[in-house]
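Below is one structure, written out as structure tokens; the observations come after it.
Note that the structure is a prediction, hence the values are computed from the model and not measured. Per chain, numbering begins at 1; letters A, B, ... match sequence-line order.
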Number of protein chains: 2
Amino acid sequence: MSEVMGLDPADWAMWREMTTMRSSVDRALEQRLQRDAGISGADFDILHSLSVAEGNRLRAGALAESLGWEKSRISHQVRRMADRGLVERADCPTDLRGTWVVLTAAGADAFATASCGYVETLQGVLFSKLDEDDRASLRRVARTVVDGLLATDAQPSPTR
Amino acid sequence: MSEVMGLDPADWAMWREMTTMRSSVDRALEQRLQRDAGISGADFDILHSLSVAEGNRLRAGALAESLGWEKSRISHQVRRMADRGLVERADCPTDLRGTWVVLTAAGADAFATASCGYVETLQGVLFSKLDEDDRASLRRVARTVVDGLLATDAQPSPTR
DNA sequence: ACTCGGTCGTTGACGTGTCACCGGTATGGC
DNA sequence: GCCATACCGGTGACACGTCAACGACCGAGT
């Protein structure tokens with residue numbers, strides 16, 4: 001019971017360090033976004049997706065898919081952002097069930113204000129510390145792990 | 001505006017992939033814990049810290065420090081876990097302000113049940129995909145990034 | 001003994017993410 | 001046209017994390 005059962009202690013230590021790194025970086029980004037533009041990381045993700053979208057608007061479902069979020073999460077987040085004037089809802093004429101989420105001028109401003117600091121922070125805390133080998137390794141690992149999980153999820157009964 | 005301003009598109013893609021990897025792995029772990037033992041990842045972290053502690057008990061502050069959580073988060077989490085019988089609170093005789101958090105038999109059982117699947121999942125989705133170079137790279141990156149952030153936080157006025 | 005700054009843990013309010021479920025709408029087969 | 005089915009997005013309840021503020025307590029200096 002001195003360590004977690006059946007796992008290489010070095011691997012366990014690495015897992016802990018990765019967890020710490022992740023929360024530290026997230027924290028730095030959140031704080032920077034809050035300070036620069038008064039928005040959260042989730043706000044930023046939505047604003048980014050809308051900014052790169054055709055006509056600065058997306059259907060709620062497309063937004064969910066582009067971010068890998070659940071639809072209900074999108075709905076809650078968009079409602080809160082609409083309350084603050086960062087986005088607007090609009091009815092979809094071709095599908096009465098659908099909803100467009102549209103970037104407002106205020107939302108575009110907030111994104112423009114925020115993105116510079118966001119990139120700067122990311123560059124400062126993460127990318128500047130990586131050499132080419134690290135980049136290749138990270139990218140390969142991320143892709144392999146995600147692909148592995150997608151393959152597992154696709155199976156009818158993945159475990160047990 | 002086609003990509004986020006001033007950042008190498010490859011770096012941006014890597015960041016996205018890292019984010020996806022993180023949430024996928026977290027998701028797999030959460031689901032496994034829920035299925036095996038009916039506990040959350042936060043529950044597991046607390047149970048693990050208590051399991052390796054002397055006498056299966058820790059002061060709330062020590063728990064917070066060992067996990068890098070805020071004290072209030074510990075307090076909320078412990079209250080919820082105490083409601084479910086996974087831990088108990090006990091007064092500290094040497095410091096009347098203090099509180100011991102004590103692992104119960106039910107908590108120890110839940111941790112024993114959960115840890116095997118947790119390790120198995122982690123091994124399956126992550127560690128099994130890593131070679132020695134990846135491990136070294138990840139470990140070095142994690143440590144460098146965290147150290148960098150600690151140094152930044154220590155400064156009186158890091159940015160602007 | 002007293003006071004005062006610091007520490008311990010808790011609480012309430014708030015924003016957030018997930019889950020189960022719902023009403024309204026589209027769509028393909030009849 | 002009609003109907004079963006699937007889909008779209010929203011809602012409410014709940015668990016979670018953060019923040020600011022608090023009461024209780026410790027300990028050092030006087």
Exercise. Under the salt bridge (Lys or Arg N to Asp or Glu O under 4.0 Å) rule, what do A:R16 and B:D45 come out as? Steps first, then yes or no, please.
Key: CA-CA 11 Å; A:R16 295 294 307 239; B:D45 289 341; 5.9 Å; no
Practice problem: Could you state the atom-to-atom distance from CG of A:D91 to P of D:dG10 in whole Å? | Solution: 10 Å
Quiz prompt | Over all atoms of both residues, closest heavy-atom pair of A:F127 and B:D11 | solution = CZ-O, 3.3 Å
Quiz item: For B:D134, what residues pass the salt bridge (Lys or Arg N to Asp or Glu O under 4.0 Å) criterion, not counting sequence neighbours?
Solution: A:R140
Practice problem: Would you classify B:R84 as touching base, sugar-phosphate or nothing, given that sugar-phosphate means primed atoms plus P, OP1 and OP2, and contacts are heavy atoms under 4.0 Å? | Solution: nothing
Quiz item: Backbone N or O of B:K71 within a donor-acceptor pair of the B:S75 side chain at under 3.5 Å?
Solution: no
Side chains of residues 85-94 of chain A: which donor-acceptor pairs under 3.5 Å do they make with residues two or more places apart or in other chains?
none

Self-check item: Touch class at under 4.0 angstrom, heavy-atom based, for A:S40 against every strand present
Solution: sugar-phosphate
Quiz item: When the distance from CD1 of B:I46 to P of D:dA15 is rounded to whole Å, what number comes out?
Solution: 17 Å
Quiz item: Can you say whether the rings of A:F111 and A:H48 are parallel (under 30°), tilted (30 to 60°) or perpendicular (over 60°)?
Solution: tilted
Quiz item: Distance check: side-chain N/O of B:R80 vs OP1/OP2 of D:dC16, anything under 4.0 Å?
Solution: yes
Quiz item: Rounded to whole angstroms, how far apart are CD1 on B:I39 and P on D:dC16?
Solution: 11 Å
Quiz item: Can you check the B:H76 NE2 to D:dA15 C1' distance for me, whole Å?
Solution: 12 Å
Quiz item: B:S40 and B:D43: side-chain donor and acceptor closer than 3.5 Å?
Solution: yes
Quiz item: Considering heavy-atom distances to DNA chain C, does A:Q77 or A:L96 have its closest nucleotide positioned more toward the 5' end?
Solution: A:Q77
Practice problem: Establish, with yes or no, whether the OP1 or OP2 oxygen of D:dT11 is under 4.0 angstrom from a side-chain nitrogen or oxygen of A:R73. | Solution: no
Quiz item: Quick one: B:D43 CG to D:dC14 P, roughly how many Å, whole number?
Solution: 18 Å
Quiz item: Considering only heavy atoms from C-beta outward, does the side chain of B:L130 approach that of A:M14 to under 4.5 Å?
Solution: yes
Quiz item: Partners of A:R97 by salt bridge (Lys or Arg N to Asp or Glu O under 4.0 Å), sequence neighbours excluded?
Solution: A:D95
Quiz prompt | Distance, rounded to the nearest Å, where B:L33 contributes CG and D:dA15 contributes C1' | solution = 16 Å
Quiz item: Cut-off 3.5 Å, side chains only: do B:H76 and B:R73 have a donor facing an acceptor?
Solution: no
Practice problem: Please assess B:D133 against A:D133 for the test side chain to side chain contact (heavy atoms under 4.5 Å, CB included), listing each intermediate value before the final yes or no. | Solution: CA-CA 9 Å; B:D133 287 347; A:D133 288 347; over 6 Å; no
N/O to N/O distances under 3.5 Å, protein versus nucleotides 5-8 of chain D:
from	atom 1	to	atom 2	distance (Å)
D:dC7	O2	A:R97	NH1	2.8

Quiz item: Bend across the helix from C:dA1-D:dT30 to C:dC30-D:dG1, to 10°, with axes taken over 5 pairs at each end?
Solution: 0°
Self-check item: Range on DNA chain C touched by chain A - first to last nucleotide, heavy-atom distance under 4.0 Å
Solution: C:dT16 to C:dA26
